[in-house]
Amino acid sequence: MKDAPLNPAPLIDPFRRAISYLRVSVTDRCDFRCVYCMSENMTFLPKRELLTLEELDRMCSTFVAMGVEKLRITGGEPLVRKGIMTFFDAMTRHLESGALKELTLTTNGSQLERFADDLYAAGVRRVNISLDTLDETKFADITRWGRLPQVIKGIDAAQRAGLRVKINTVALKGFNEDELFTLVEWCRSRDMDLTFIEVMPMGDIGNEDRLDQYWKLSDLRARLAGEYTLTDLDERSGGPARYVRLEETGQKIGFITPLTHNFCESCNRVRLTCTGELYMCLGQEDMADLRAPLRNHPGDDAPLREAIRAAIARKPKGHDFDYSRQSVEGRMPRHMSHTGG
């Protein structure tokens, strides 16, 4: 596939934020059913609605030509998409040209034992792995279908392959509060960074109630401060996390707090779903259909570029997540697996 020449005009939203980071969901399917992400009996999209791997290549290549420098591949679970390494291998050319600065992914770790070496060969250098507990029974409960030993083997394989691993842990009241220091120490022992995430109000998940799950990260941070000396860091990784260093161990801990701290002022990212919908904000429902200009003009990327620019021109200043009313208002009706984690 011949790529379009780099477009000298960067993607700038109405609030003068340069959009340089694209998160791409390559599938809505997953081999887990985490209780804060999916219902147990999910209805998945028909295959014809998903972008093909070739279409994903064309879409991402267009964004790269328009100034996107970081691609994060998500899902669902991205590594369950059949033939997904074909797509990663295709993106390698943008790393080699220098147009793309980073190619990375967020995964549940279940397939990493199979793919870690291939991912490294494709140019991936770090991965985020979602892991909320080190207790096998609790892990099976929260993922419904997951097996903790399989994930640990995936982490082992990732580190052997040379991938830098960051653990993402959703803070859940009454579930993993008692593992706070266990998780911190485990990550220290394996030289892995750790980021805590507030549970987000995304989609109907059946019997679970996120108002009961919600654990404010200010409370979590206060507990850490009772055991460690915390130093705030200026570091930004192109995402919403804010970081501290634990002086006693030297390790870096991140906090993603969409509900107690609005991180939107520096937002440089947009999210593409596996069906070609571009969400300019995770916490807003406005989106742009990019699949239509992609498929309706197979030999011409100009309509796609126009649709992308029109979408970025509608990017909002911030999100609408809200638990304060203790009701279903302020929650997003789509599942996180659809938009991409």
Side-chain angles (χ1 to χ4, degrees), residues 15 17 21 23 34-37 72 74 106 128-133 142 166-181 183-184 187 192-203 205 208-246 251-271 279-284 315-332 334-336 339-341:
F15 304 96
R17 296 171 297 196
Y21 180 6
R23 301 175 67 105
C34 294
V35 298
Y36 51 78
C37 181
R72 178 174 293 280
T74 70
T106 296
N128 289 0
I129 299 176
S130 303
L131 180 64
D132 302 323
T133 176
I142 200 166
K166 179 164 76 71
I167 300 297
N168 286 344
T169 296
V170 176
L172 296 165
K173 184 190 299 183
F175 177 78
N176 56 10
E177 285 175 281
D178 60 338
E179 292 188 76
L180 172 60
F181 299 109
L183 283 161
V184 168
C187 286
M192 299 184 299
D193 293 327
L194 172 62
T195 291
F196 291 102
I197 306 172
E198 284 179 335
V199 65
M200 299 186 196
M202 299 287 293
I205 47 173
E208 317 299 334
D209 187 347
R210 290 192 183 83
L211 296 175
D212 292 336
Q213 294 174 344
Y214 177 47
W215 179 18
K216 287 174 64 174
L217 290 196
S218 56
D219 294 342
L220 184 155
R221 178 179 169 135
R223 292 193 194 182
L224 280 177
E227 294 289 327
Y228 301 98
T229 304
L230 274 55
T231 300
D232 288 307
L233 302 176
D234 291 333
E235 179 179 341
R236 298 287 183 269
S237 62
R242 300 296 180 261
Y243 295 98
V244 300
R245 182 174 60 248
L246 305 188
Q251 71 194 110
K252 186 172 67 174
I253 303 291
F255 303 95
I256 297 180
T257 55
L259 307 171
T260 57
H261 175 257
N262 187 310
F263 50 68
C264 305
E265 70 279 355
S266 60
C267 182
N268 66 341
R269 71 206 66 91
V270 288
R271 296 167 186 263
Y279 282 88
M280 288 68 81
C281 175
L282 178 62
Q284 298 271 13
K315 184 171 170 62
K317 188 173 184 179
H319 61 63
D320 278 345
F321 288 137
D322 186 9
Y323 280 140
S324 64
R325 293 185 292 274
Q326 299 290 297
S327 73
V328 294
E329 298 173 42
R331 308 187 198 186
M332 294 298 107
R334 54 181 156 50
H335 286 88
M336 194 71 170
T339 311

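Excluded from the calculations below are hydrogen atoms, water molecules and symmetry mates; all remaining heavy atoms, backbone and side chain alike, are included.
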For the residue pair [X] and [Y], establish whether any side-chain heavy-atom pair is separated by less than 4.5 Å.
| X | Y | value |
| --- | --- | --- |
| Thr106 | Arg23 | yes |
| Val170 | Phe175 | no |
| Arg242 | Thr257 | no |
| Leu224 | Phe181 | yes |
| Ile253 | Phe196 | yes |
| Leu172 | Ile142 | yes |
| Asn128 | Lys166 | yes |
| Val244 | Tyr228 | no |

Can you name the nearest heavy-atom pair linking [X] to [Y], along with the distance?
| X | Y | result |
| --- | --- | --- |
| Ala171 | Trp215 | CB-CE3, 3.6 Å |
| Asn176 | Asp132 | ND2-O, 3.0 Å |
| Arg17 | Cys267 | CD-O, 3.3 Å |
| Thr169 | Leu194 | OG1-CD1, 3.6 Å |
| Tyr214 | Glu198 | OH-OE2, 3.5 Å |

Between [atom1] of [X] and [atom2] of [Y], what distance do you get to the nearest 0.5 Å?
| X | Y | atom1 | atom2 | value |
| --- | --- | --- | --- | --- |
| Leu131 | Ile167 | CG | CD1 | 5.5 Å |
| Thr133 | Leu183 | OG1 | CG | 7.0 Å |
| Thr74 | Arg271 | OG1 | CZ | 7.5 Å |

Using modelled atom types only, decide if a donor and an acceptor are shared between the side chain of Lys315 and the backbone of Met280 within a distance under 3.5 Å.
yes
Say whether, by atom type as modelled, one donor and one acceptor occur between the side chain of Thr195 and the main chain of Phe255 under 3.5 angstrom.
no
Might you work through the side-chain contact (heavy atoms from CB on, under 4.5 Å) test for Leu246 and Val184, ending with a clear yes or no?
CA-CA 10 Å; Leu246 305 188; Val184 168; 3.7 Å; yes
